[in-house]
Visitor: 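The following block contains the structure, expressed as structure tokens.
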Amino acid sequence: TISVAVNNAKAEDAKLKVEYEANKELAESKAAAKAEINGLEYWSEESKTEYNKQVSDTKTVEAITPILEAAKQENAELKAEHEANEKLKAAKVEAINKLEELNLTEVEKVDFTNKINEVETVEAIEPILEAAKQQSDINDAAASEKELAEAKEVAKSEIKKLNLTTNEKADFEKAIDEATTISEVNGQLAKAQAQSDKNDEAEKLAKAKEQAKEEIEKLEYLPESNKESFISSLEGANTIAEVNSIVKNAKELDEQFKNDAEAAKKLEEARKAALIELESLNLKGNTTFEERIKVASTEAEINSILAEAK
């Protein structure tokens with residue numbers, strides 16, 4: 001009877017709706033997990049691909065959580081290792097820069113530099129620096145007033161070539177004039193060079209941020225709220241690498257929005273075409289196929305329903 005057919009259609013529709021919602025929740029959970037995995041900073045692209053594949057292969061929302069937790073744990077371990085290496089690297093750079101402040105011959109500098117580069121812990125650096133300072137004191141004692149004057153002139157000449165503000169140059173030149181040893185002169189010149197390098201990096205970073213902002217603003221599919229968020233995060237970036245990472249993430253999200261928009265458009269076109277074709281069939285008032293097509297989430301599902309209707 002018509003009543004039975006209607007009830008069956010409603011039951012089928014309810015079942016399809018539940019399946020649709022479950023599939024939608026799973027797809028959204030997978031997308032969110034992949035976005036989080038792709039945002040992990042210390043991974044190789046190969047590792048991200050492997051974890052993303054595991055997420056794609058899951059059949060339930062619950063199965064995603066342990067994969068994501070494992071990814072986060074591995075990333076935390078890689079982060080700790082990276083930070084330890086960076087700490088040692090920074091300590092070595094700082095120590096080698098301190099050598100420039102001392103009164104050492106080129107041969108002595110090379111020797112102490114090599115020793116610093118060979119150490120595997122931060123703690124091993126200090127004894128090497130102490131030995132370098134002792135050698136510097138010995139060299140200072142042997143330096144004449146003439147050598148000190150010459151060192152000051154050379155240092156002030158070098159400072160004029162650096163990327164320093166007028167006030168910074170004046171301050172460093174004054175400190176050099178007041179120095180009583182060649183070590184002090186070298187120390188002020190090393191500080192001036194460090195400040196010049198810092199000024200260089202600040203200018204490069206500012207330029208990189210401006211270029212990044214322009215790139216993000218030009219992204220076609222990224223919503224304004226997301227653009228504003230990425231641009232805001234640029235302000236907190238302290239390195240060009242961080243800036244590039246932000247731009248990369250913005251472009252990837254833009255691509256995702258583009259793919260989603262194109263997929264949604266293609267799905268709606270297929271749905272519209274299927275509904276039009278459905279109207280040409282003699283279904284004697286049966287609206288079940290129409291309702292199923294309206295909630296279908298893929299082209300394959302639409303085509304399957306349409307084939308069934310025929």
Side-chain angles (χ1 to χ4, degrees), residues 35 38-45 48 75 78-102 106 109-110 113-114 116-117 122 125 129 154-176 185-222 224-256:
N38 288 333
L40 295 175
E41 184 177 358
Y42 298 93
W43 274 21
S44 66
E45 290 303 319
K48 290 181 181 180
N75 188 67
L78 290 171
K79 179 181 179 182
E81 181 181 343
H82 172 79
E83 288 176 348
N85 290 335
E86 287 299 305
K87 184 178 180 182
L88 178 59
K89 181 180 176 181
K92 287 183 178 182
V93 170
E94 182 180 358
I96 291 170
N97 286 340
K98 285 182 179 178
L99 293 181
E100 293 298 326
E101 301 176 14
L102 303 179
E106 286 305 313
K109 283 182 186 178
V110 169
T113 298
N114 288 340
I116 289 170
N117 282 328
V122 174
I125 294 174
L129 271 182
V154 170
K156 287 193 284 187
S157 175
E158 288 298 316
I159 281 177
K160 287 181 171 61
K161 303 173 185 177
L162 300 178
N163 181 15
L164 300 169
T165 65
T166 301
N167 288 339
E168 288 170 345
K169 285 183 179 180
D171 289 342
F172 283 119
E173 287 175 353
K174 182 175 182 293
I176 287 171
V185 172
N186 291 340
Q188 291 302 321
L189 182 57
K191 289 177 182 178
Q193 182 64 60
Q195 184 60 47
S196 176
D197 292 342
K198 185 177 179 181
N199 293 347
D200 286 340
E201 290 303 314
E203 290 172 5
K204 291 177 184 176
L205 181 59
K207 185 177 180 181
K209 286 183 178 181
E210 189 59 35
Q211 291 175 341
K213 181 180 177 182
E214 291 176 2
E215 283 190 64
I216 291 172
E217 287 175 341
K218 290 178 182 177
L219 294 177
E220 184 177 355
Y221 294 90
L222 196 64
E224 286 302 318
S225 60
N226 293 93
K227 287 183 181 180
E228 290 172 4
S229 177
F230 281 117
I231 290 172
S232 176
S233 64
L234 285 173
E235 297 304 317
N238 296 315
T239 65
I240 292 177
E242 289 179 36
V243 171
N244 291 339
S245 177
I246 291 169
V247 173
K248 179 175 178 288
N249 290 339
K251 287 182 176 178
E252 288 176 351
L253 189 56
D254 178 71
E255 185 67 21
Q256 184 178 326

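Because the structure is predicted, anything quoted here is derived from the model rather than measured.
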Visitor: Closest heavy-atom contact between Thr165 and Glu168?
Guide: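 That closest heavy-atom pairing would be N-OE1, 2.9 Å.
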
Visitor: Once rounded to the nearest 0.5 Å, what's the spacing between atom CG of Asn249 and atom CG of Asp254?
Guide: 12.5 Å

Visitor: For Ala190 and Glu101, which heavy atoms make the closest approach, and how far apart are they?
Guide: CB-CG, 3.6 Å

Visitor: Counting distance only, does the side-chain N/O of Lys169 pair as donor-acceptor with the main-chain N or O of Lys160 below 3.5 Å?
Guide: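 Checking the backbone N and O of Lys160 against the side chain of Lys169, a donor-acceptor pair under 3.5 Å is found.
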
Visitor: How many angstroms lie between CG in Asn186 and NZ in Lys191, if you round to the nearest 0.5 Å?
Guide: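 Reported to 0.5 Å precision, the distance equals 12.0 Å.
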
Visitor: Less than 4.0 Å between a side-chain N and a carboxylate O, is that true for Lys161 and Glu158?
Guide: yes

Visitor: Between the side chain of Ser233 and the main-chain N/O of Phe230, is any donor-acceptor distance below 3.5 Å?
Guide: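 Yes, Ser233 side chain to Phe230 backbone: donor-acceptor pair under 3.5 Å.
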
Visitor: Counting heavy atoms not belonging to Lys213, are there more than 12 under 6.0 Å from its NZ?
Guide: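 No, not enclosed.
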
Visitor: Could you go through the salt bridge (Lys or Arg N to Asp or Glu O under 4.0 Å) check for Glu210 and Lys207 one step at a time?
Guide: CA-CA 5 Å; Glu210 189 59 35; Lys207 185 177 180 181; over 6 Å; no

Visitor: Kindly indicate whether the side chain of Leu99, heavy atoms from C-beta on, has any atom under 4.5 Å from the side chain of Leu129.
Guide: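 Answer yes - side chains close enough.
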
Visitor: What I'd like to find out is whether the side chain of Lys248 reaches to under 4.5 Å of the side chain of Lys251, using heavy atoms alone.
Guide: no

Visitor: To check you understand the geometry: which heavy-atom pair defines the closest contact between Ala208 and Ile240, and what is its length?
Guide: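 Heavy-atom minimum between the residues: CB-CG1, 4.1 Å.
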
Visitor: Can you tell me how far the NZ atom of Lys209 sits from the CD atom of Glu214, to the nearest 0.5 Å?
Guide: 15.0 Å

Visitor: Measuring from atom CD of Glu215 to atom CG of Asn244, what distance do you get when rounded to the nearest 0.5 angstrom?
Guide: 8.5 Å

Visitor: Give a yes or no answer on whether the side chain of Lys227 reaches the backbone of Leu219 with a donor-acceptor pair at less than 3.5 Å.
Guide: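 Judged by distance alone, yes, a pair lies under 3.5 Å.
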
Visitor: In the structure I gave you, are the side-chain heavy atoms of Leu205 and Thr239 within less than 4.5 Å of one another anywhere?
Guide: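 A side-chain contact is absent here, since even the closest heavy-atom pair is not under 4.5 Å.
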
Visitor: Name every donor-acceptor pair, under 3.5 Å, that has one atom in a side chain of residues 84-94 and the other anywhere in the protein, sequence neighbours excluded.
Guide:
| from | atom 1 | to | atom 2 | distance (Å) |
| --- | --- | --- | --- | --- |
| Asn85 | ND2 | Glu81 | O | 3.3 |
| Lys92 | NZ | Asn117 | O | 2.8 |
| Lys92 | NZ | Val119 | O | 3.0 |

Visitor: Working to the nearest 0.5 Å, report the span between CD1 of Ile231 and CD of Glu224.
Guide: 8.0 Å

Visitor: Distance alone, cut at 3.5 Å: any donor-acceptor contact between the side chains of Asn199 and Glu203?
Guide: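 No, because no side-chain N or O of Asn199 sits under 3.5 Å from a partner of the opposite role on Glu203.
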
Visitor: For the NZ atom of Lys204 and the CD atom of Glu201, what is their distance to the nearest 0.5 Å?
Guide: 5.0 Å

Visitor: Please name the pair of heavy atoms, one in Ala155 and one in Val185, separated by the smallest distance, quoted to 0.1 Å.
Guide: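 Answer, listing the atom of Ala155 first, then Val185: CB-CG1, 3.6 Å.
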
